[in-house]
Amino acid sequence: MTITLTPAVEKALQRHARKIGTTPELLALQVLQERLSEPEVDTTASAPENAGTLYDFLGKHVGILSSHEAVPGGAQLSVNSGKKFSALLERKRQLGRI
């Protein structure tokens, strides 16, 4: 591949290459590689043998919050959720928010 540079870019490339002690070609290649290369992903890495499963990691935290601790009888957020959602949308419509 051949890349045609503008005179200004060529001069800047030569000046910077001279400043850091390399050739313009190597500098251009390095800049292009840094700018365009995708980060390498190590697909061979695996979890440590003693890592266990995701459940082992999160198991103590799943289901620890219960709404009955904050609301007498529990919030029962899953009960009549469709009707509650419809009522919320109707209130928003009446207030002109949707």
Side-chain angles (χ1 to χ4, degrees):
M1 171 187 286
T2 302
I3 300 174
T4 305
L5 305 175
T6 64
V9 171
E10 186 176 357
K11 285 180 186 175
L13 189 60
Q14 290 171 344
R15 190 171 41 250
H16 192 70
R18 192 170 32 256
K19 185 186 213 179
I20 65 171
T22 190
T23 65
E25 292 82 7
L26 288 175
L27 177 59
L29 182 59
Q30 178 186 358
V31 170
L32 287 170
Q33 285 175 333
E34 288 173 1
R35 176 78 174 162
L36 301 175
S37 293
E38 294 180 13
E40 292 184 24
V41 177
D42 184 4
T43 57
T44 62
S46 60
E49 289 193 29
N50 60 350
T53 65
L54 183 59
Y55 176 78
D56 294 332
F57 180 71
L58 295 175
K60 292 179 249 175
H61 306 286
V62 174
I64 62 168
L65 181 64
S66 177
S67 64
H68 78 275
E69 295 171 0
V71 178
Q76 301 184 17
L77 297 174
S78 296
V79 177
N80 295 324
S81 59
K83 289 181 182 179
K84 291 176 186 175
F85 183 65
S86 296
L88 173 68
L89 289 178
E90 180 61 26
R91 278 194 305 266
K92 282 188 168 187
R93 189 186 65 76
Q94 289 171 356
L95 295 173
R97 294 184 184 164
I98 58 170

Gap separating the CG atom of L29 from the CD atom of E34, nearest 0.5 angstrom: 10.0 Å
From CD (E10) to CZ (R15), nearest 0.5 Å: 11.5 Å
Does atom NZ (K84) have a neighbourhood of more than 12 heavy atoms from anything else shown, all under 6.0 Å?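 Count over threshold, so yes.
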Under 4.5 Å side-chain heavy-atom separation, chaining through any Ile, Leu, Val, Met, Phe, Trp or Tyr, what else clusters with L27? Say none if it is isolated.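 Hydrophobic cluster check, L27: joined to M1, I3, L5, V9, L13, I20, V31, L32, L36.
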Where do A17 and P24 come nearest, in terms of heavy atoms and distance?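 In this case the closest contact between A17 and P24 is CB-N, 3.6 Å.
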